[in-house]
Amino acid sequence: MSGHRSIRDTEKAVQAKLGDTTVRHEPMAAVANIYRAAAAVRQHLENSVLRTADLTWTSFVVLWVVWIWGERETRRVAEQAGISKGTLTGVARTLQGRGLLERNGHPTDGRLALLSLTPEGERLMARLFPQFNAEEAFVTDGLADDEALTLADLLRRVVMQVETHGEERRLELLDGKDPRPRRSGRRAKV
């Protein structure tokens, strides 16, 4: 047995664990399936079209942000790619080493750095994006065009809810305190 469980198997197992616990099942199913769909799509794209270009999902997203928006401050690229500045530093170094990305100083603020695509990075994205988009079409092939647009609109509303009200909710849940720094999961040295 491969250990793979279907969505239906997972939903049944969660219901069995919860028993009579009061839980809003519809939102739970929605969020679980957003996560599961995102992970499945990411894995498919990394193991197909991005593999042919030797790119990870994150490196592709960084290239895409700079390709679409042009030269950007590193902090803006990290924000738009949904990654930390530290993660961006490693990804940018790798992409620089491959000759796809350039890092330059900001013309008026020496503390800031700007990222831009090299001509090779531009050529790669112009060649790769149509292939990537073909896989986007593949993974949504089970949806009619109007269903795909409805799904996009519904997901956009989820994102807008978090972007509009998420900070307020976090403060409420944390009694107005800043969140503790994330831990790597390692135990403190004794």
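No experiment lies behind these values; they were computed from the predicted model shown. The basis for the numbers below is simple: all heavy atoms, side chains too, and nothing from hydrogens, waters or symmetry mates.
- For residues 138-158, the pairs satisfying ring-ring contact (aromatic ring centres under 6.0 Å, His included) are H44-F138, with sequence neighbours left out.
- Residues in residues 94-115 take part in no ring-ring contact (aromatic ring centres under 6.0 Å, His included) pair, two or more places apart or across chains.
- Inter-residue side-chain proximity for V77 and W69 is flagged as unmet; no heavy-atom pair is nearer than 4.5 Å.
- Salt-bridge formation is not detected for the pair K177/D175: no Lys NZ or Arg NE/NH1/NH2 atom is positioned less than 4.0 Å from an Asp or Glu carboxylate oxygen.
- Both W57 and L100 are members of a single hydrophobic cluster when ILVMFWY side chains are connected at heavy-atom separations under 4.5 Å.
- Dense packing is recorded around CZ of R170, with more than 12 heavy atoms of other residues, nucleotides or ligands lying under 6.0 Å away.
- For the pair V62/L88, a side-chain contact is recorded, criterion being any heavy-atom separation below 4.5 Å from C-beta on.
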Practice item. Show the numbers, then the answer: is there a side chain to side chain contact (heavy atoms under 4.5 Å, CB included) between V158 and E163? Key: CA-CA 9 Å; V158 170; E163 287 180 350; over 6 Å; no

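- By the neighbour-count criterion of 12 heavy atoms within 6.0 Å, atom CD of E73 is densely surrounded, having more than that number from other residues, nucleotides or ligands.
- Crowding of D109 atom CG: a count of heavy atoms from other residues, nucleotides or ligands under 6.0 Å exceeding 12.
- L171 and L174 end up in different hydrophobic clusters when Ile, Leu, Val, Met, Phe, Trp and Tyr side chains are linked at under 4.5 Å.
- Annotation: side chain of R156 is not in contact with side chain of V159 (no heavy-atom distance under 4.5 Å).
- In this structure, L155 is not a member of the same hydrophobic cluster as V41, with clusters built from ILVMFWY side-chain heavy atoms closer than 4.5 Å.
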Point to revise | T74 and L114: CA distance, side-chain angles, deciding distance, side chain to side chain contact (heavy atoms under 4.5 Å, CB included) verdict | key: CA-CA 6 Å; T74 53; L114 301 171; over 6 Å; no

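- Aromatic pair W67/F129: ring centres closer than 6.0 Å.
- Taking all atoms of both residues into account, the shortest heavy-atom contact from E102 to T118 is CG-CG2, 3.5 Å.
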